[in-house]
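See structure below.
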Amino acid sequence: MSKPAIALDHLAKSFGNSVAVAGISMSVPAGEIFGFLGANGAGKTTTMRMLCGLAKPTSGTGQIAGHDIWRERYHIRSKFGYVAQKFSLYPDLTVVENLHFFGGAYQVSGKPLHKRIETLLRELDLEGKRTALAGSLSGGMRQMLAIACALIHEPAVVFLDEPTSGLDPVHRQQIWDLLYDLSSKGTTIFVTTHYMDEAERCTEVGFLHQGRLLAKETPLRLKQRFKGQLLEMQVEPVMDALIRLRSVPGVLGVALRSGRVRIYSKDSAALVAGWLQHWPFPELTWRGHEWVAPDMEDVFKAYSQGYSPILTTAEAPS
Ligand code: ATP
């Protein structure tokens, strides 16, 4: 079997007494779009920085294309591209000058560099901006340029830390089109995102909670981890309903979805049966309910809020 593009073996990182990454073991096959999910502070960036040789693991190991991420960190730098949350473009250089600079840093030069720059300018919609100073670009364009710079040496693996954060839907789509394109050519993508529609687009998703990898599966399998369907109630006034229903015994949590209240409970059917007998909220009008299929937002909520009674346990992530 071929080596995985990325492999982590009990990879851990602490800052003083505080554990940021609590020993992650998993692998990512080549060509995959792997989505790394988790709430703020879950440890995603720290994991990515260790993989990129920018932070020394406290314990455990990791490999990219079979090379150790720390011992061989200088050697493997040419094998991956990294787009950090706060990326380092040169604001006083033009778009093309930035690309030239990063080309030089990755030892790409001459004709291959010129060809590569033209391809990237075209693919990332930056042709019209080639002489614009990086500092004058909009947030979306700057992000496109940062991605272009990380791809200048045609790396086999690309790490992107929230690449679409703060972008409009058109630019988000453009970036995802590019990721699909790269993946279809065999590039492995390791991406963090807080957008659940983007998590749906990944071939596999890892869910990190307080430094621990709780699950690593396809989005479909993750959604199938829900026991049964979810209860969605039409109750008015909806804001009052949210407050009252979340404190009902047996309700783990509630969420507002398109004016309806989604209820997370181990036994929603029993709740409905009881409410049909007696609706205990005279100030709330129950207009109807339905059973809905969970989506990635529900998955995220269930994992990050620890709603384990409504999730079937996954096998140990690999
Ligand atoms: P976000 O979604 O907000 O970017 P994250 O999942 O990427 O969050 P990390 O940035 O990896 O999370 O942070 C994980 C934990 O490690 C947090 O508690 C954070 O405060 C801590 N941490 C990260 N970097 C450092 C550092 N250099 N020194 C001390 N603590 C740190």
Side-chain angles (χ1 to χ4, degrees), residues 6-28 32-64 69-70 73 80-89 139-140 142-143 146-147 150 157-167 171-172 175-176 179 188-202 204-217 219 222 253 255 295-307 314 317:
I6 304 167
L8 289 71
D9 185 9
H10 297 93
L11 190 68
K13 177 84 185 170
S14 296
F15 297 100
N17 290 330
S18 156
V19 178
V21 178
I24 299 180
S25 299
M26 65 168 195
S27 60
V28 180
E32 190 148 293
I33 303 183
F34 177 73
F36 207 33
L37 306 187
N40 293 130
K44 304 178 298 296
T45 299
T46 305
T47 305
M48 209 178 252
R49 285 177 52 77
M50 284 193 282
L51 289 169
C52 294
L54 298 169
K56 188 178 180 186
T58 309
S59 60
T61 57
Q63 295 188 332
I64 294 177
I69 52 169
W70 186 252
R73 61 190 181 280
F80 66 82
Y82 173 47
V83 183
Q85 263 180 46
K86 287 195 185 95
F87 38 82
S88 44
L89 292 171
R142 262 206 305 275
Q143 189 70 311
I147 295 172
V157 178
V158 187
F159 295 95
L160 302 114
D161 202 351
E162 297 184 34
T164 57
S165 167
L167 297 193
H171 279 106
R172 283 216 285 144
I175 287 178
W176 274 90
L179 298 188
T188 309
I189 314 283
F190 190 110
V191 59
T192 70
T193 179
H194 287 293
Y195 297 112
M196 291 305 113
D197 60 317
E198 294 186 354
E200 293 268 9
R201 303 181 203 192
C202 297
E204 213 178 5
V205 160
F207 197 88
L208 199 64
H209 181 60
Q210 295 177 349
R212 293 185 187 283
L213 187 68
L214 298 188
K216 175 179 173 282
E217 290 179 302
L222 272 177
D295 57 23
M296 281 303 286
E297 224 167 298
D298 298 312
V299 171
F300 187 89
K301 191 166 171 91
Y303 275 105
S304 60
Q305 304 287 312
Y307 297 164

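Remember, it's a predicted structure, so these values are computed and weren't measured experimentally. Numbering of ligands and ligand atoms starts at 1, following listing order. Note that these values count all heavy atoms, side chains included, but never hydrogens, waters or copies made by symmetry.
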Nearest protein heavy atom with distance in Å, relative to [atom]:
atom	value
atom 6 (O) of ligand 1	K44 NZ, 2.7 Å
atom 10 (O) of ligand 1	T45 CB, 3.7 Å
atom 4 (O) of ligand 1	Q85 NE2, 3.1 Å
atom 27 (N) of ligand 1	F15 CE2, 3.6 Å

If you round to the nearest 0.5 Å, how far is [atom2] of [Y] from [atom1] of [X]?
X	Y	atom1	atom2	answer
R172	Q143	CZ	CD	12.5 Å
F36	D161	CZ	CG	10.0 Å
E162	T192	CD	OG1	4.5 Å

Query raised in the report: So among T61, V21, T45, L8, which one has a side-chain contact (heavy atoms from CB on, under 4.5 Å) with M50?
Result: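 For M50, the side-chain contact (heavy atoms from CB on, under 4.5 Å) test succeeds with only one of T61, V21, T45, L8, which is V21.
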Donor-acceptor contact below 3.5 Å, side chain [X] vs main chain [Y]:
X	Y	value
R73	W70	yes
K44	G38	yes
S25	H10	yes
K13	G211	no

Query - Region of A39 engaging ligand 1 - heavy atom pairs below 4.0 Å - result: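 Backbone only; the side chain of A39 stays clear of ligand 1.
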Report task. For atom 30 (N) of ligand 1, state whether the nearest protein heavy atom is under 4.0 Å away. Result ->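 Given the 4.0 Å cut-off, atom 30 (N) of ligand 1 counts as touching protein heavy atoms.
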Report task. With atom 18 (O) of ligand 1 as the reference point, say which of G41, A20, G38 has the nearest heavy atom. Result ->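 Shortest heavy-atom distance from atom 18 (O) of ligand 1: G41.
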Query raised in the report: Which is closest to atom 11 (O) of ligand 1 by heavy-atom distance: T46, V21, T47, N40?
Result: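 Among T46, V21, T47, N40, the closest heavy atom to atom 11 (O) of ligand 1 comes from T46.
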Requested in this report: Any atoms of ligand 1 less than 4.0 Å from a non-hydrogen atom of A42? List them with their elements.
Outcome: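 With A42 as reference, the close atoms of ligand 1 come out as 5 (P), 6 (O), 12 (O).
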Query raised in the report: Is E162 in contact with ligand 1, taking contact as a heavy-atom separation below 4.0 Å?
Result: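 Flag set, E162 near ligand 1.
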Requested in this report: Tell me, please: is H194 in heavy-atom contact with ligand 1, that is, under 4.0 Å?
Outcome: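 For ligand 1, residue contact (heavy atoms, under 4.0 Å) with H194 is present.
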